[in-house]
Amino acid sequence: SYISHNGRGYFEDGVQFDSSGEVLDSYEEGSWTPTVLDGNGSNYTVSKDANQTIYRRIGDMVFIFYNITRTENGSKTGILYIPSSSLPYSVTYGIGASGQFWVDHSSPSAGLGDIVGGHHNVGTGGIYWVKPTDKSGIGQASTRYLEHGQWSYGRPIYGSFCYRTS
């Protein structure tokens, strides 16, 4: 049924576009605050750009966009990841997700080159940054997932990915 309130129209049961029975019943957008953990499950300090760290849900698909900067200056170890619990909606198990990211090292030092074109491995436990190549930009990556020492202090990661929710 259609409801009008303050000049806006709402459909209580969603919007159906044809006779297929499929209904678009969810739309939402907003900002989110990602949590990043290290290989030991310890918090990894990051800051976010509030204007660029957003999500949009359309039906059962969630689209994530982010710009986060490493502010962690402590000794952390291992693989870095975003726990699924910090996402705006739960991840549906067994559903593939896609996206890309760029680790911006600015003026790379200590052999760290920008990591461009990586993929997000999204699962119910977390979102991992999968590296495409080694520091030279060609060949196999030295490690499969982004680790603490491969993200420079004070530098951002820009990325986006999508996943399915229930």
Side-chain angles (χ1 to χ4, degrees), residues 26 28-166:
S26 182
E28 182 180 330
E29 56 185 51
S31 64
W32 67 291
T33 301
T35 300
V36 176
L37 301 179
D38 74 356
N40 295 319
S42 300
N43 281 335
Y44 195 83
T45 310
V46 297
S47 64
K48 72 173 187 172
D49 180 320
N51 294 322
Q52 296 181 17
T53 306
I54 60 173
Y55 72 91
R56 182 166 290 130
R57 177 179 177 171
I58 303 170
D60 65 355
M61 294 300 299
V62 180
F63 301 88
I64 298 285
F65 305 90
Y66 64 89
N67 174 348
I68 57 175
T69 298
R70 175 184 164 189
T71 55
E72 177 63 54
N73 205 14
S75 63
K76 299 289 183 170
T77 60
I79 295 169
L80 302 177
Y81 67 99
I82 298 171
S84 294
S85 60
S86 78
L87 294 173
Y89 291 95
S90 62
V91 176
T92 300
Y93 182 75
I95 302 299
S98 64
Q100 56 207 1
F101 68 90
W102 167 36
V103 181
D104 179 2
H105 287 293
S106 183
S107 299
S109 61
L112 292 175
D114 291 348
I115 300 171
V116 180
H119 180 76
H120 292 87
N121 183 0
V122 180
T124 57
I127 295 81
Y128 295 84
W129 290 282
V130 181
K131 296 178 351 187
T133 61
D134 66 7
K135 65 185 177 190
S136 69
I138 57 174
Q140 184 175 355
S142 55
T143 57
R144 182 174 184 163
Y145 301 108
L146 183 68
E147 296 183 4
H148 165 70
Q150 299 165 334
W151 182 9
S152 297
Y153 177 81
R155 300 304 307 161
I157 295 180
Y158 307 98
S160 63
F161 60 93
C162 63
Y163 64 92
R164 235 175 133 183
T165 190
S166 54

TODO: Hey, could you give me the CD1/CG distance between Ile54 and Asn67, rounded to the nearest 0.5 Å?
DONE: 11.5 Å

Open item on the list: Please report the interatomic distance CG(Leu87) to CD1(Ile82), rounded to the nearest 0.5 Å.
Closed with: 7.0 Å

- [ ] Only pairs at least two apart or in different chains count here, so list each side-chain hydrogen bond (donor to acceptor under 3.5 Å, both in side chains) that has a residue in residues 54-64.
- [x] Ser26-Arg57, Tyr27-Arg56, Glu28-Tyr55, Glu29-Arg56, Asp60-Arg164

Task: Partners passing ring-ring contact (aromatic ring centres under 6.0 Å, His included) against Tyr128 (at least two apart in sequence or in another chain) - done: Tyr81, Tyr145

Open item on the list: Determine whether a donor-acceptor pair (N or O, by modelled atom type, separation under 3.5 Å) exists between the side chain of Thr69 and the backbone of Gly154.
Closed with: no

Open item on the list: Is it the case that the side chain of Lys76 and the backbone of Gly39 share a donor-acceptor pair, with hydrogens and angles ignored and the cut-off at 3.5 Å?
Closed with: no

- [ ] Please round to the nearest 0.5 Å and tell me the distance separating atom CZ of Phe101 and atom CZ of Phe161.
- [x] 11.5 Å

TODO: Identify the heavy atoms of Tyr153 and Arg70 that sit nearest to each other, and give their distance.
DONE: N-NH1, 3.6 Å

Open item on the list: Applying side-chain hydrogen bond (donor to acceptor under 3.5 Å, both in side chains), can you list everything that pairs with Asp38, at least two apart in sequence or on another chain?
Closed with: none

Open item on the list: Could you report the tightest heavy-atom contact between Ser160 and Phe65, atom names first, then the distance?
Closed with: CB-CD2, 3.6 Å

Task: Closest contact, heavy atoms only, Gly126 versus Ser84 - done: N-OG, 3.1 Å

Task: Ser86 to Pro34 - nearest heavy-atom pair and separation - done: OG-CA, 4.0 Å

- [ ] Test side-chain contact (heavy atoms from CB on, under 4.5 Å) on Ile79 and Leu146 and set out the steps.
- [x] CA-CA 6 Å; Ile79 295 169; Leu146 183 68; over 6 Å; no

Open item on the list: Test your reading of the model: is there a side-chain donor-acceptor pair from Tyr89 to the backbone of Tyr163, 3.5 Å cut-off?
Closed with: no

Task: Stepwise side-chain contact (heavy atoms from CB on, under 4.5 Å) check, Trp129 with Val36 - done: CA-CA 11 Å; Trp129 290 282; Val36 176; 4.1 Å; yes

Task: Heavy-atom pair with the smallest gap, counting every atom of Leu37 and Pro83 - done: CD1-CG, 3.8 Å

- [ ] Say whether, by atom type as modelled, one donor and one acceptor occur between the side chain of Thr71 and the main chain of Thr45 under 3.5 angstrom.
- [x] yes

Task: Sub-4.5 Å side-chain heavy-atom contact between Trp151 and Glu72 - done: no

Open item on the list: Do Thr33 and Thr53 have side chains that approach each other closer than 4.5 Å (heavy atoms only, starting at C-beta)?
Closed with: no

Open item on the list: Is there a side-chain contact between Ser85 and Thr35 in this structure, where contact means two heavy atoms from C-beta onward sitting under 4.5 Å apart?
Closed with: no

Task: Side-chain touch Ile64/Ile127, heavy atoms, less than 4.5 angstrom - done: no

Open item on the list: Looking at every heavy atom in both Lys48 and Trp32, which two are closest together, and how far apart are they?
Closed with: NZ-O, 3.1 Å

